[in-house]
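See structure below.
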Amino acid sequence: MLKQVEGSQAVAEAVALCRPEVICAYPISPQTHIVEALGRMVTAGQLAPCEFINVESEFAAMSVAIGASAAGARAYTATASQGLLYMAEAVFNAAGLGLPIVMTIANRAIGAPINIWNDHTDALSQRDCGWIQLFAEDNQEAVDLHIQAFRLGEELSLPVMVCMDGYILTHAFERLELPRQEQVDAYLPRFEPRQVLDPAEPLSIGAMVGPEAFMEVRYLAHAKQQQALELIPAWAEEFHRAFGRETGGLLHLYRADDAETIVVALGSVLGTVKDTVDELRETGLRIGVLGLTCFRPWPHLAVRAALADVRRVVVIEKSLAVGLGGIVSANVRGSYTGHPDHVHAVIAGLGGRPITKRALHGVLRKAAEGELEPLTFLDLNRQAVERVLTREREVRRSGPIAESVLRDLGVSALKIG
Amino acid sequence: MTDQPIKFYQTGTFTVGNRLLSPEQRSVQSNMRRTNSLNSGHRACQGCGEALGARYAIDAAMEATERRLIAANATGCLEVFSTPYPETSWQIPWIHSLFGNAAAVGTGIAAALRVRGQTDVRVIAQGGDGGTTDIGFACLSGMFERNDDVLYICYDNGGYMNTGVQRSSATPPAARTSTTMPVGKGTGSAFGMGKFVPAIAMAHEIPYVATATVADLRGLEAKIRRAMEFRGARYVHILVPCPLGWGHASEQTIRIARLARETGLFPEFEAESGNVTGVTRIRRQLPVEEYLRPQHRFAHLFRDPPRADLIAQIQALADRNICRYGLLARQEAER
Amino acid sequence: MKRKPFAITLDPGSSLANHTGTWRTLRPEYVDNLPPCNDACPAGENIQGWLYLAESGEYEAAWRRLTDDNPLPAVMGRVCYHPCETACNRAKLDSAVGINSVERFLGDEALRLGWKFRAPVESSGKNVLVVGAGPSGLSAAYHLARLGHRVTIREAGPLAGGMMRFGIPKYRMPRNILDAEIARILALGITLLTNARVDNKLEAMRDGSFDAAFLAVGAHVARRAYIPAGSAARVLDAVSVLKGMEGEEPAKLGRRVIVYGGGNTAVDVARTAKRLGATEAIIVYRRTREKMPAHDSEVEEALQEGILIKWLSTIRKANDRSITIEKMTLDEKGQAQPTGEVEELAADSLVLALGQDVDLSLLEGVPGLEVVDGVVKVGADMMTGHAGIFAGGDMVPAERTVTVAVGHGKQAARHIDAWLRGRRHVPASRHELATFERLNTWYYSDAPKSVAPVLDMLRRQSTFEEVVGGLDESTARYEARRCLSCGNCFECDNCYGVCPDNAIVKLGPGQRYQINLDYCKGCGLCEAECPCGAIRMVPEEI
């Protein structure tokens, strides 16, 4: 059914169609509309039987989900940024125990300094925890990925993170196709847990595993994610057949057949990237796009194949590994068979900084001309950072960096030092 | 008081069982068919109070719930000594997640059971004092305020024993722990700090709160049974001596727990919705020295010269408990 | 069903593979220690054993266990001085268990319900002569009969009972009770010949073709002291006074009676005198109350009844209507020394209760017998110097009580039985004593001792009705349940409950427990929390 609806609301309805049994929620921008919508549905009795629990922190949210899932209920929660970090211990725990919890991450930057706007640092900070990480390009994909996520997670007994850009997607109104309940029921069967807490068949979940078996356990976790690499495309294919849309999968290519340059990106920025690539194609540039949907497990073979005959790769990423450079680009570089220097990291949009077509044109042209540095920060205010760096070299106690920048930009009147 | 009124002139009232009592009047532990929820082969130290308390509590809970019970356990001694791969001592459905989230995991399990209409299956979340009063406190309070249908059991041995006897907010004043050593000017854990979580639980006005020790088996079983008669958030706090951490001989565990009550240092009571409804009176009051002396963690109080000032402060705490909870029978109190 | 995750999830019961028994350096063992009551009982009763049965209301079983050792419980419950209660560990807790009252209850119950002794199936074909139908003789006869021997008792007096009848007054030992218990013993097929004094032992043996003999003639000869007496002074001895109570005419003692002596006999005579109408009954004793050999409970009852006691006094002279007494003091060695001060006491009669001697005439001509200090010497096997002739009771060196006498009878019977079969009876070695220190008394409820009902004072002073009454059934059971079961498991389940490793196996009612050595870590909680000290930790051998 077609609806003009806010992204968050649509995701809530998608989750609701999956017949969740326990929803636990702690508010954090920009996820709030999702859980508020679900809360209303539960209270109105639309999701019965379903429990909606107002927990006291994100750590509690994931813990409640762990308990519910271990007891055999389909569990769901949502968070972002600081909340994801607060529940980090439980996030690793859920993956380690193999509980198929689905969680929406409304991607947001991580402080300090506090910033409520979109980038991918939060989800990517948890990239090694063992969860499957899927990134939605638009709200339709966000809706569809949630449905696929429940199926995927329960089949593998692994938790799944569905990432969607905070505000940009969550708070955007679009026309979306929302499936019918029967369609979802046909695609997503009742939850049959691999292990469950049941008085009729007692077991102990969560033993302490020592050196003699821990390596094996971790190997098996890795092996399971490898297994997911097969299943994700398979279920996306099944979804296509059932719902008539091609969403999900490991990655998708756009105008990449004869491309010399491939732009790699995750999430909503792909829209802007594709528009820019269309315009660049007009000018004769052989340029294409690789949109990553699945970040974990890392689709190594698929990425390698896609980039096999490409001369240069430009990774536009909304994430930064402080002290290293790009995160996505480092992963991409590992799958690129050409020279590593031909993979360029472009750090863009941190903390919600808009990524403009103009800026993309600039950086992609430079790439095409072979003049792009290995690591670039898109649209950086060079003067501001130069001033701060100079001052820091001269003055020992130069105050907090953020304050300095803001002052230089004239935003803050505070005088320090 | 929910304790069974056995008018019995011999050992019936205080021993585990008694051949002269009818089977219904005996404790769960005396039954040959008790669940042994925490079975042999676990790696607890000799004489571990927590191992004993856990079996007491869970067996009683299994009896009260007709063996329809699920438990969530925090990280700690109990979890570590009971489930080292490849061996588990638990005979019940059991899950260990993290150190600070036992209460939240319990909430989740209870929610799942409710959704599936399996409300005859009851949930216990349990942990040591570290996992309850410190790192698990937020989740505990959240579970309380939501009145989730979980019975939380805290096994209080006054410290982070599993990691090497460090101080927790349940460590009593003047106790030596690895992080409160009586060296230099130090006199052990400081006075004026610490939390008494049962009182905090009462402040949440949850349906049922109780304190117990491993020395009073019947009282403990009665309290677990009573707790299972309620729906909603419940809290039972059990004092379990730790021979290693407290520095006493392994066979003294029950005696030390008994002394904790008999000196007034550990009040045994029940409360419903924030009001005390019953108290286990001290049978024969003893001065706190009787409790302190056998434990090496208080040895620094008894050097030459002894720290009479600190002992007096501890006695004052005991006296305050006696007054606050009415731990002595009227005539004795007036004396 | 899907397979569970490797290592993270475990099946229940897998910890049983870990045999933590390898940790221990000490190992618990169940012991059966000797309870102090059993240890102290001169009759060798298994007191803890029959209390155990009484606790659950199995009175007949309790009575049978009791009478395995002692055939006279109703008598014991009235006249025994209960050294068991003196030794009872409960006395250190609140007060001793009223063992004596429970024994009396069981004895009375047996009489009320007519329980009988079970006679042996097989006869040994041997004949044994018992001389004297006092407690020792009756006890020996009983045990010998149960062992299958044919027993004949020859009693010099008109009735059986010995001192139980002729020495202890009715108000302490009602005669119908005594008669009933004696009759029940004789019902085992024992032949009793009264008025059948044995003058010559060996002859008696030959005449009756007896294979062995047990002598228990007691000590009935009143000891005399030289006291100058006037011609009209009325001086009697306690033995004949008390004996006379059984006949038609009790002795006429008059209004003011003086009794000389400090033993139970003296007290009995004084109390008897009161009941016969004396306005004044005064006991004159040369030392103090602490030194008085009479049992303290008797002295107490006597004082309650108005008997007066003149301490630290000896009698110098018996006059017609008075006696002259001299005051004494105790020297540093506790011996009484005369002071020279004299006093006159009005007196209608003076009764001497200065002890009793054995009539040894029947022993004349029996070779091998050794008499030392007026009593017959016997070996550890109760046999005299003459083979086949055994002796016990007041006539051998021992404390002189009914209970000791009964104990002798049992011991002698066992030895006689062995001797008749050509064997030696070696008494079982005694287990370690169950001391108070090994108890964990916390587990015993607070339970004060029951008080037996006592006759009111007026009736005590004027009639021979029994002074001390018996306990009713619920009180007797309560009293029995005060027993701490020192040193022997009574299945309280404490060990089964307090083991943190679930390493004690409960075998079922009546079968106690077993340590599961695969898992026992040797922590010692079972020993510490066993109320009765029935567990001991011993070092593990590696």
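Each chain gets a letter, A, B and so on, in the order the sequences are listed, and its residues count up from 1.
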What residue, out of B:Val115, B:Leu69, B:Thr83, has the most heavy-atom pairs lying under 4.5 Å from chain A?
B:Val115
Need one label for A:Leu197: side chain, backbone, both or neither, based on atoms under 4.5 Å from any heavy atom in chain B.
both
Applying a strict 4.5 Å limit to non-hydrogen atoms, the region of A:Cys24 in contact with chain B is neither
Under 4.0 Å between a Lys/Arg side-chain N and an Asp/Glu carboxylate O for B:Arg226 and B:Glu272?
yes
Does the pair B:Arg34/B:Glu63 count as a salt bridge with the N-to-O cut at 4.0 Å?
no
Under 4.5 Å from any heavy atom of chain A, what part of B:Ile92 do you find: side chain, backbone, both or neither?
backbone
Any side-chain donor-acceptor pair under 3.5 Å between A:Glu89 and A:Asn93?
no
Can any side-chain N or O of B:Asn147 pair as donor or acceptor with the backbone N or O of B:Gly232 at less than 3.5 Å?
no
Turns out that what part of A:Ala60 lies under 4.5 Å from chain B's heavy atoms comes down to both
Side chain from CB out, backbone as N, CA, C, O: work out which of these in B:Arg68 comes under 4.5 Å of a heavy atom of chain A, or both, or neither.
both
Bottom line for B:Ala72: the part with an atom under 4.5 Å from chain A's heavy atoms is neither
Could you tell me whether A:Arg194 and A:Glu154 make a salt bridge, using a distance below 4.0 angstrom between a side-chain N and a carboxylate O?
no
Would you kindly check if the NZ (Lys) or CZ (Arg) of B:Lys223 is within the cone defined by 45 degrees around the ring axis of B:Tyr208 and under 6.0 Å from the six-membered ring centre?
no
Out of A:Ser63, A:Ala73, A:Gly206, A:Pro49, return the one with the most heavy atom pairs under 4.5 angstrom to chain B.
A:Ser63
I need the residue from A:Val22, A:Leu97, A:Asn54, A:Ile205 with the largest number of non-hydrogen atom pairs under 4.5 Å to chain B.
A:Ile205
Part of A:Ser204 within contact of chain B (heavy atom distance under 4.5 Å):
both
Heavy-atom pairs under 4.5 Å with chain A: which of B:Ala103, B:Pro86, B:Ser97, B:Ala71 has the most?
B:Ser97
Inspect the contact between B:Arg231 and B:Asp149 and indicate whether a charged nitrogen and a carboxylate oxygen are less than 4.0 angstrom apart.
yes
Heavy-atom cut-off 4.5 Å, strictly under: side chain, backbone, both or neither for B:Gln118 against chain A?
neither
Are B:Phe144 and B:Tyr235 near enough that their ring centres are under 6.0 Å apart?
yes
